[in-house]
Amino acid sequence: KKDKKKAVDENDTDEQDAKDRGWLVRLYNDPMNKREFVARCLTEICSLDDGEAYNVMMKAHQVGIAVIGNYHQEMAELYKMRLSGEGLLIDMVPADDEE
């Protein structure tokens, strides 16, 4: 019984830690969307300024993936949903899971 209780406590701690560190919203390069469209989505949906949006878009274009930002879970889910709705390839991971 102690082992089960410990496992549950560890899971609770892991979830709390992820909540404290936030969630990374990541953009993947894709061959369908024009770079200007991707950058505009980042400025309009995530409120990045033009320079930040351009840098994120170019990193995804050159490296294959880029972190848009670190957000609270609810905001990360909203950005993921809205950006994905525009046709962008997006995921979100706990902040400590990045590469």
With a cut-off of 3.5 Å and sequence neighbours excluded, list every side-chain donor-acceptor pair involving residues 39-46.
from, atom 1, to, atom 2, distance (Å)
T43, OG1, R40, O, 2.8

Are [X] and [Y] side-chain neighbours, meaning at least one heavy-atom pair lies under 4.5 Å?
| X | Y | result |
| --- | --- | --- |
| V25 | I90 | yes |
| V38 | R35 | no |
| L27 | L89 | no |
| E74 | L78 | no |

(message) Once salt bridge (Lys or Arg N to Asp or Glu O under 4.0 Å) is applied, do any residues pair with D30, and if so which ones, sequence neighbours excluded?
(response) none
(message) Are there over 12 heavy-atom neighbours, none belonging to M58, within less than 6.0 Å of that residue's CE?
(response) yes
(message) The criterion is side chain to side chain donor-acceptor pair (under 3.5 Å); which residues satisfy it with E77, sequence neighbours excluded?
(response) Q73
(request) Look only at the side chain of N33 and the backbone of G87, and say whether a donor-acceptor pair between them is shorter than 3.5 Å. (result)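 Yes, because the side chain of N33 sits within donor-acceptor range (under 3.5 Å) of the backbone of G87.
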How many angstroms lie between atom [atom1] of [X] and atom [atom2] of [Y], to the nearest 0.5 angstrom?
| X | Y | atom1 | atom2 | result |
| --- | --- | --- | --- | --- |
| Y54 | H61 | OH | NE2 | 9.0 Å |
| K59 | I68 | NZ | CD1 | 12.0 Å |
| R21 | N70 | CZ | CG | 10.0 Å |

(request) Determine which pairs satisfy side chain to side chain donor-acceptor pair (under 3.5 Å) with at least one residue from residues 84-94, sequence neighbours left out, and list them in order. (result) R26-D91, Y28-D91
(request) Name all residues meeting the ring pair (Phe, Tyr, Trp, His ring centres under 6.0 Å) criterion together with Y71; count only those two or more places apart in sequence or in a different chain, and write none if there are none. (result)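 With neighbours one apart ignored, the set is Y79.
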